[in-house]
Amino acid sequence: MRKEEAYGYLMAAPAILGFFIFTLGPLLASLWLSFTDYSVTNVYKFVGLANYKRLFSGADPFFYKSLGVTLYYVALSVPITIVSSFLMALLLKQKFKGRGLVRVIVTMPSIVPAVAVATIFLWLLNPDIGLFNEILRALHLPTSQFIYSETTVVPTLAMMNIWTMGSTMLIFLAGLENIPEQYYEAADVDGGGPIYKLFHITIPMMSPTIFFNLIMGLINGFQTFTQAYIMTEGGPNNASLFYSVYLYREAFTNQRMAVACALAWVLFVIVLLLTLVVFRTSGWVYYEGDRQ
Amino acid sequence: MKAYRLRRGAGRTALYIAVIAVSLMYLLPLFWMVRSSLMSAGEIFLIPPVWIPNPPRWSNYTKALTTIPFGRYFLNTMKIVVFNLLGTVLSSSICAFSFARLRWRGREFFFALLMSGMMLPGAVTLIPTFLGWRAVVPPNSYLPLIVPAWFGGGAFNIFLLRQFMRGIPLSLDEAALVDGASYPRIYAQIILPLSKTPLIVVSLFQFLGVWNDFLGPLIYVNRERFFTLALGLQMFIGYYTAQWELLMAAATIVLVPPVILFLLGQKFFTRGIAISGLKG
């Protein structure tokens with residue numbers, strides 16, 4: 001073998017080994033485990049599709065409940081995050097004094113540890129003495145129970161993402177700054193106003209970036225865990241029982257590892273199908289170069 | 001002409017109003033945290049709320065630091081961060097060097113394989129990984145949180161470094177080869193020193209990722225004396241649900257290190273995020 005080739009394999013070996021040990025191996029192992037009745041203590045045996053059948057039959061009411069909660073959350077949080085971070089990027093692309101500082105202020109919350117975010121919002125959202133209700137009261141608006149009511153808990157958690165969307169916003173900002181200035185100048189010559197530019201230049205040119213953020217938002221949205229685990233523990237009355245919280249509970253509280261593996265595979269397939277659907281319907285995404 | 005300038009002026013004013021409103025909105029939660037962390041138990045419950053604590057109660061911080069051993073949790077967290085970071089920087093740069101600058105059969109295939117791993121929901125590998133670690137290391141060991149970093153250091157980091165390394169002229173390697181340098185030497189003495197910027201980006205992301213990680217320590221660490229800061233803060237929430245001034249002091253302690261690092265390295269942070277968007 002050539003020296004270069006030998007070193008190529010050798011130096012890439014950690015990543016390739018890592019992929020087999022920490023990704024592919026566990027991926028297949030969890031598929032196998034999902035067909036067993038493994039639960040830490042017992043001698044386990046192959047049970048076929050029993051775990052899946054039990055989940056889909058509704059014998060465990062939490063399965064459909066958590067699926068519904070998570071879908072509801074994703075349906076709210078993904079559009080909220082994409083629209084608000086896109087608008088924010090449009091705003092922070094303008095030229096004004098102190099722009100660098102404002103960009104830092106808006107992105108900073110995205111690096112605050114999730115546990116600290118949860119702690120801060122538990123305080124801000126406190127129904128009796130939290131700041132948000134104080135502000136609502138001062139404005140003579142109706143107050144809210146926020147995360148302590150079944151109807152408002154999921155929308156509240158989805159809205160919290162506006163504060164921590166900094167990295168999504170930065171991806172949009174980088175995309176906006178890559179749009180060639182000539183396109184806007186051409187629109188100026190044709191007499192196109194700001195609305196015309198937004199819908200005929202900015203959004204079409206940004207569609208690949210919007211598409212990327214949409215996919216990542218979906219994948220991450222389905223896996224939301226920390227906020228709900230810390231702030232609501234799935235409550236009140238399981239109204240914020242996110243899929244990942246339910247999975248964690250099955251695996252580590254109830255020690256039902258095999259069921260948790262089945263849950264994980266169901267999640268995997270859902271995310272995969274959704275991603276495929278989004279890819280299939282991506283006719284709106286405009287790629288420079290494929291003009292027909 | 002005059003009307004045009006007036007409209008521009010109004011537009012500027014609206015822009016500045018929007019920008020100031022946004023800045024205040026984003027600073028408010030952090031301000032409220034610090035403000036509440038410096039109040040007495042009585043002051044914090046006043047209605048209407050007081051904006052500036054008077055006098056500031058610095059003792060809340062000493063109280064928070066002593067009721068829960070945040071010093072020990074800080075050291076625990078740093079142990080994981082340092083060894084994880086070391087593995088990440090070393091192994092992701094070595095692997096990126098191979099993917100970016102060496103020619104070998106199957107290179108594109110393996111690279112695509114690594115990248116596909118990024119789209120996988122973490123839950124689907126979580127349980128076998130947990131069971132595997134439980135079989136080979138004692139409970140509360142930090143190895144499950146460190147060792148994976150030494151095996152490639154994460155697909156995203158390899159992607160980011162490879163992207164950069166591909167831009168370095170190949171003539172540098174060729175000249176070094178003619179001079180009799182080996183491939184590891186080209187990596188260590190030519191490519192690595194030229195890749196400082198992306199390595200800082202990788203380190204910054206990794207630091208933030210490990211520092212902020214909650215699920216990992218939650219699963220692998222159960223004994224209190226081995227807790228990380230994130231776990232410590234979560235336990236603190238359980239203990240002191242009504243003592244908001246102490247909770248806010250604890251939250252401030254946990255978020256100060258990543259915030260300082262972010263402020264120092266925000267240019268690198270922005271660049272790294274911009275690259276991650278290019279994947280799409």
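Every chain is numbered from 1 and lettered A, B, ... according to where its sequence line falls, protein lines coming before strand lines. The analysis underlying the following values was restricted to heavy atoms, covering all of them including side chains, and did not include hydrogens, waters or symmetry mates.
Here the side chains of Leu131(B) and Leu33(A) are in contact, with some heavy-atom distance below 4.5 Å. In this structure, the side chains of Tyr229(A) and Leu215(B) stay at 4.5 Å or more apart for every pair of heavy atoms. Put simply, the side chain of Pro258(B) reaches to within 4.5 Å of the side chain of Ile111(A), judged on heavy atoms. Residues Phe214(B) and Phe225(A) are in side-chain contact: their nearest non-hydrogen atoms beyond the backbone lie under 4.5 Å apart. Contact annotation: the side chain of Val19(B) never approaches that of Gln94(A) to less than 4.5 Å [non-hydrogen atoms, C-beta and beyond]. In this structure the side chain of Leu247(A) reaches within 4.5 angstrom of the side chain of Ile127(B), judged on heavy atoms. Side-chain contact between Ile186(B) and Tyr7(A) is absent, with no heavy-atom pair separated by less than 4.5 Å.
For the options Leu208(B), Ile237(B), Thr129(B), heavy-atom pairs under 4.5 Å to chain A are most numerous at Ile237(B). The greatest number of non-hydrogen atom pairs below 4.5 Å with chain A, out of Ile20(B), Leu28(B), Leu120(B), is found for Leu120(B). In terms of heavy-atom pairs under 4.5 angstrom with chain A, the leader among Thr270(B), Val254(B), Ile219(B) is Ile219(B). Counting heavy-atom pairs closer than 4.5 Å to chain B, the top residue among Leu10(A), Thr23(A), Ile120(A) is Ile120(A). Here Leu91(A) is the residue among Leu91(A), Ile215(A), Val271(A) with the most heavy-atom pairs under 4.5 Å with chain B. Counting heavy-atom pairs closer than 4.5 Å to chain A, the top-ranked of the candidates Met248(B), Arg134(B), Met33(B) is Met248(B). When Pro148(B), Gly106(B), Ala251(B), Ala18(B) are compared by the number of non-hydrogen pairs under 4.5 Å with chain A, Pro148(B) comes out ahead. Ranked by heavy-atom pairs shorter than 4.5 Å toward chain B, the options Phe132(A), Trp123(A), Phe22(A) are led by Trp123(A).
Side-chain atoms of Glu5(A) come within 3.5 Å of backbone N or O of Arg105(B) as a donor-acceptor pair. No donor-acceptor pair closer than 3.5 Å links the side chain of Arg107(B) to the backbone N or O of Ala12(A). At distances below 3.5 Å, not a single donor-acceptor pair connects side-chain atoms of Tyr26(B) with backbone N or O atoms of Thr107(A). Looking at Glu4(A), its side chain never comes within 3.5 Å of a backbone N or O of Leu102(B) through a donor-acceptor pair. Thr125(B) places no side-chain N or O within 3.5 Å of a backbone atom of Pro26(A) that could act as its donor or acceptor partner. At least one donor-acceptor pair closer than 3.5 Å links the side chain of Tyr16(B) to the backbone N or O of Lys97(A). Side-chain N or O atoms of Gln234(B) include none that pairs as donor or acceptor with a backbone N or O of Ile230(A) at under 3.5 Å. No side-chain donor-acceptor contact under 3.5 Å links Asn212(B) to the backbone of Ala114(A).
To the nearest 0.5 Å, the span separating CE on Met169(A) from CD1 on Ile273(B) amounts to 10.0 Å. To the nearest 0.5 Å, atoms CZ (Phe109(B)) and CD1 (Ile16(A)) are separated by 9.5 Å. Expressed to the nearest 0.5 Å, how far OH of Tyr183(B) lies from CE of Met11(A) amounts to 11.0 Å. Taken from CD in Gln266(B) to CZ in Arg103(A), the straight-line distance is 10.0 Å, to the nearest 0.5 Å.
Of the two parts of Met165(A), only the side chain, counted from C-beta on, holds a non-hydrogen atom closer than 4.5 Å to a non-hydrogen atom of chain B. Only the side chain of Tyr248(A) comes within contact range of chain B, judged by heavy atoms closer than 4.5 Å. Of the atoms belonging to Leu263(B), it is side-chain heavy atoms, and not backbone ones, that fall under 4.5 Å from chain A. Contacts between Ile44(B) and chain A at a heavy-atom distance below 4.5 Å involve backbone atoms as well as side-chain atoms. Only the side chain of Ser110(A) comes within contact range of chain B, with at least one heavy atom under 4.5 Å from a heavy atom of that chain. Only the side chain of Asn126(A) comes within contact range of chain B, with at least one heavy atom under 4.5 Å from a heavy atom of that chain. Contacts between Leu231(B) and chain A at a heavy-atom distance below 4.5 Å are absent for every atom of the residue. Heavy atoms of Arg271(B) lying under 4.5 Å from chain A are absent altogether. For Leu122(A), the parts lying under 4.5 angstrom from a heavy atom of chain B are both the backbone and the side chain. For a residue to count as touching a neighbouring chain, one of its non-hydrogen atoms must lie under 4.5 Å from one of that chain's; by this rule Leu124(A) touches chain B with the side chain only. Looking at Leu177(B), neither its backbone nor its side chain comes within 4.5 Å of chain A, counting heavy atoms on both sides. Only the side chain of Ile158(B) comes within contact range of chain A, judged by heavy atoms closer than 4.5 Å. Heavy atoms of Arg162(B) lying under 4.5 Å from chain A are absent altogether. Of the atoms belonging to Ile129(A), it is side-chain heavy atoms, and not backbone ones, that fall under 4.5 Å from chain B. Contacts of Tyr187(B) with chain A are made by side-chain atoms alone, with heavy-atom separations under 4.5 Å and no backbone atom involved.
By the 6.0 Å contact criterion, CE on Met159(A) is open, its count of non-hydrogen atoms from other residues, nucleotides or ligands being 12 or less. Taking a 6.0 Å sphere around CZ of Arg185(B), one finds it holds 12 or fewer heavy atoms contributed by other residues, nucleotides or ligands. Atom CD of Gln255(A) has more than 12 neighbouring heavy atoms from other residues, nucleotides or ligands inside a 6.0 Å radius.
The shortest heavy-atom contact between Leu267(A) and Pro121(B) is CD2-CB, 4.2 Å. In plain terms, the two heavy atoms of Phe19(A) and Leu114(B) that are nearest each other are CB-CD2, 3.7 Å. Closest non-hydrogen pair, Trp244(B) versus Thr119(A), comes out as CZ3-O, 4.3 Å. Of all heavy-atom pairs between Ala123(B) and Ala264(A), the closest is O-CB, 3.5 Å. Nearest heavy-atom pair across Glu134(A) and Pro49(B) is OE1-CD, 3.7 Å. Between Gly8(A) and Trp104(B), the closest heavy-atom pair is CA-CD1, 3.4 Å.
Here the two rings, on Phe130(B) and Phe252(A), have centers that are under 6.0 Å apart.
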